[in-house]
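Residue numbers begin at 1 in each chain, while the letters A, B, ... track the order of the sequences.
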2 protein chains.
Amino acid sequence: MTTTPRRPTRQQAAVAELLERCNDFTSAQTVHARLREAGEGVGLATVYRALQAMVEAGTVDVLRTDEGEAVYRACSTHHHHHLVCRACGRTVEVEGPAVEAWTDRIAAEHGFSDVTHTLEIFGTCGDCAP
Amino acid sequence: MTTTPRRPTRQQAAVAELLERCNDFTSAQTVHARLREAGEGVGLATVYRALQAMVEAGTVDVLRTDEGEAVYRACSTHHHHHLVCRACGRTVEVEGPAVEAWTDRIAAEHGFSDVTHTLEIFGTCGDCAP
DNA sequence: CTCGAAATGAGAATCGTTGTCAAAAAGGCG
DNA sequence: CGCCTTTTTGACAACGATTCTCATTTCGAG
Ligand SMILES: [Zn+2]
Ligand SMILES: [Zn+2]
Ligand SMILES: [Zn+2]
Ligand SMILES: [Zn+2]
């Protein structure tokens with residue numbers, strides 16, 4: 001399954017750069033609005049297409065909020081998970097080999113193959129604590 | 001945090017019973033369609049309200065598909081996670097104290113409090129394997 | 001039974017996301 | 001640089017899931 005390369009454009013670069021300057025998970029709508037504010041107008045459909053391409057390319061992580069909205073973030077490429085402050089949105093990347101091993105073992109025990117998983121941790125960060 | 005009790009009705013019972021007869025995660029739209037087929041007409045908005053109430057009451061689990069659709073399932077009440085076949089939807093409840101401990105520890109190390117997490121495992125079950 | 005509160009349902013409204021398609025831009029080539 | 005083919009873009013429509021509205025129905029305490 002070779003991922004078809006994409007022809008580079010100003011719009012894709014703008015989306016990628018904005019996402020790298022944002023440190024938190026950001027929705028497509030927000031990316032679109034920020035680009036518009038910055039004068040770098042990019043069509044909404046194009047923002048969606050750029051984000052999807054980056055997700056498929058593995059340069060961006062995507063997850064769903066509880067409300068079902070997709071949010072995106074430029075991430076390091078190795079497998080990891082996120083610790084997200086539910087007050088301010090601050091995000092920390094975390095890894096845990098033990099968890100990886102556990103999910104694979106549990107799945108194998110039940111006869112499942114081709115296993116993937118999602119794991120997100122939510123809490124209140126030190127700055128936002130009461 | 002006292003959960004306000006809900007006045008019992010035929011419609012809520014119908015939703016609850018249908019969900020218990022379904023063994024897999026089911027969308028609100030599907031619940032609505034099945035009830036209609038069965039002659040037990042229930043309004044779509046009411047299906048949504050019943051499902052939300054059950055989620056808040058803790059008698060039903062909800063998770064989001066990759067497409068962002070909310071799917072519901074009657075579940076045992078203790079904390080657990082799901083191993084879901086991405087081909088046929090078969091679902092197994094799993095638990096892992098080690099994972100619970102790990103998420104809490106990681107969060108604490110980063111100064112986060114009031115911690116929760118989501119963890120879902122996806123794979124291909126034995127019956128659906130090639 | 002009577003009355004006020006809560007739940008329902010039909011449809012409209014909202015919102016994120018995807019599809020459409022003509023116009024614009026990229027890249028290879030002479 | 002121009003020419004041509006292919007890809008990308010963007011304004012807007014279409015879509016599907018969910019929520020809102022509000023008149024009507026149902027609940028259940030008294
Ligand atoms: Zn915070
Ligand atoms: Zn992992
Ligand atoms: Zn299966
Ligand atoms: Zn857990």
Side-chain angles (χ1 to χ4, degrees), chain A residues 2-19 22 24-57 59-73 89 118 120, chain B residues 2-19 22 24-57 59-73 89:
Chain A
T2 52
T3 33
T4 317
R6 192 144 225 264
R7 190 180 282 181
T9 63
R10 168 185 76 77
Q11 291 89 339
Q12 289 169 42
V15 171
E17 279 163 30
L18 176 55
L19 210 55
C22 283
D24 297 327
F25 279 93
T26 312
S27 71
Q29 309 275 349
T30 302
V31 170
H32 178 241
R34 293 240 181 109
L35 287 175
R36 175 153 300 183
E37 285 171 21
E40 297 243 39
V42 176
L44 178 58
T46 302
V47 170
Y48 275 102
R49 284 185 288 240
L51 290 172
Q52 284 165 346
M54 296 171 89
V55 169
E56 278 159 31
T59 61
V60 162
D61 268 9
V62 58
L63 61 87
R64 295 263 173 189
T65 67
D66 283 348
E67 293 77 38
E69 191 178 25
V71 285
Y72 305 83
R73 186 188 190 213
T118 66
E120 310 297 337
Chain B
T2 51
T3 32
T4 316
R6 192 145 223 263
R7 188 181 283 181
T9 63
R10 167 185 77 77
Q11 291 89 338
Q12 289 170 42
V15 172
E17 282 164 28
L18 176 55
L19 211 56
C22 283
D24 298 327
F25 278 92
T26 311
S27 72
Q29 308 275 350
T30 302
V31 169
H32 179 242
R34 293 237 182 112
L35 287 175
R36 176 154 298 184
E37 285 172 19
E40 297 242 38
V42 175
L44 177 59
T46 302
V47 170
Y48 274 102
R49 285 186 286 240
L51 290 172
Q52 284 166 344
M54 296 170 88
V55 169
E56 278 160 31
T59 61
V60 162
D61 267 9
V62 59
L63 62 88
R64 295 265 173 187
T65 66
D66 285 347
E67 293 77 39
E69 190 179 26
V71 286
Y72 304 84
R73 187 189 190 214

Enquirer: Establish, with yes or no, whether the OP1 or OP2 oxygen of C:dA7 is under 4.0 angstrom from a side-chain nitrogen or oxygen of B:Gln11.
Expert: no

Enquirer: I need the CG-P distance between B:Asp66 and D:dA17, as an integer number of Å.
Expert: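 The answer, rounded to whole Å, is 15 Å.
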
Enquirer: CZ/A:Arg10 to CD/A:Glu17 distance, rounded to the nearest 0.5 angstrom?
Expert: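 Between A:Arg10 CZ and A:Glu17 CD, I get 11.0 Å after rounding to 0.5 Å.
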
Enquirer: For B:Gln12, answer base if it contacts any base atom (sugar-phosphate contacts may also be present), sugar-phosphate if it contacts only those atoms, and nothing otherwise; contact means non-hydrogen atoms under 4.0 Å.
Expert: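 Touches sugar-phosphate only.
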
Enquirer: Hey, does A:Arg49 have a side-chain heavy atom less than 4.5 Å from the side chain of A:Thr46?
Expert: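 Yes, side chains in contact.
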
Enquirer: Does D:dT9 have OP1 or OP2 sitting under 4.0 Å from an N or O in the side chain of A:Arg6?
Expert: yes

Enquirer: Let me know the distance between CZ of B:Arg10 and C1' of C:dA7, rounded to the nearest Å.
Expert: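 Whole-Å distance recorded here is 12 Å.
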
Enquirer: Just verifying a value: how many Å separate A:Arg64 CZ and A:Glu120 CD, rounded to the nearest 0.5 Å?
Expert: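 Going from the CZ atom of A:Arg64 to the CD atom of A:Glu120 covers 13.0 Å.
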
Enquirer: Run the side-chain donor-acceptor check on residues 27-44 of chain A: report pairs under 3.5 Å with partners two or more places apart or on a different chain.
Expert:
residue	atom	partner	partner atom	Å
A:Ser27	OG	A:Thr30	N	3.1
A:Ser27	OG	A:Thr30	OG1	2.9
A:Gln29	NE2	A:Tyr48	OH	3.0
A:His32	NE2	A:Val42	O	3.3

Enquirer: Could you tell me how far apart B:Phe25 (CZ) and D:dA17 (P) are, to the nearest whole angstrom?
Expert: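 From B:Phe25 CZ to D:dA17 P: 18 Å.
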
Enquirer: Are A:Thr9 and D:dT7 close enough that a side-chain N or O sits under 4.0 Å from OP1 or OP2?
Expert: no

Enquirer: Starting at OH of A:Tyr48 and ending at P of D:dA11, how long is that distance when rounded to a whole Å?
Expert: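 Answer to the nearest Å: 15 Å.
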
Enquirer: Looking at D:dG28, D:dT19, C:dG9, which one has an atom nearest to any side-chain atom of B:Thr46?
Expert: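 The answer is C:dG9.
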
Enquirer: Would you mind telling me which of D:dT18, C:dT17, C:dG9 lies closest to the side-chain atoms of A:Arg64?
Expert: C:dT17

Enquirer: Which residue, B:Gly43 or B:Arg7, contacts DNA chain C at a nucleotide closer to its 5' end, judged by nearest heavy atom?
Expert: B:Arg7

Enquirer: With respect to the side chain of B:Gln52, which nucleotide from D:dG10, C:dT18, D:dT19 is positioned closest?
Expert: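 The answer is D:dT19, which lies nearest to the side chain.
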
Enquirer: To the nearest Å, give me how far apart CD (B:Glu40) and P (C:dT8) are.
Expert: 14 Å

Enquirer: Between D:dC20 atom P and B:Leu44 atom CG, what is the distance in whole Å?
Expert: 14 Å

Enquirer: Across the strands shown, which category fits B:Glu67 at heavy-atom distances under 4.0 angstrom: base, sugar-phosphate, nothing?
Expert: nothing

Enquirer: From CZ of B:Arg49 over to P of C:dA7, roughly how many Å is that when rounded to an integer?
Expert: 9 Å

Enquirer: Give the rounded distance in Å between these two atoms: CD of A:Gln29 and P of C:dG16.
Expert: 5 Å

Enquirer: Between B:Val71 and A:Val42, name the one whose nearest nucleotide on DNA chain D is closer to the 5' end.
Expert: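 Of the two residues, A:Val42 wins.
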
Enquirer: State whether the number of non-hydrogen atoms from other residues, nucleotides or ligands found under 6.0 Å of A:Asp24 atom CG is greater than 12.
Expert: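 It does: A:Asp24 CG has more than 12 such atoms within range.
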
Enquirer: If you assign A:Ser27 and B:Ala50 each to the DNA chain C nucleotide with the nearest heavy atom, which residue ends up on the more 5' nucleotide?
Expert: B:Ala50

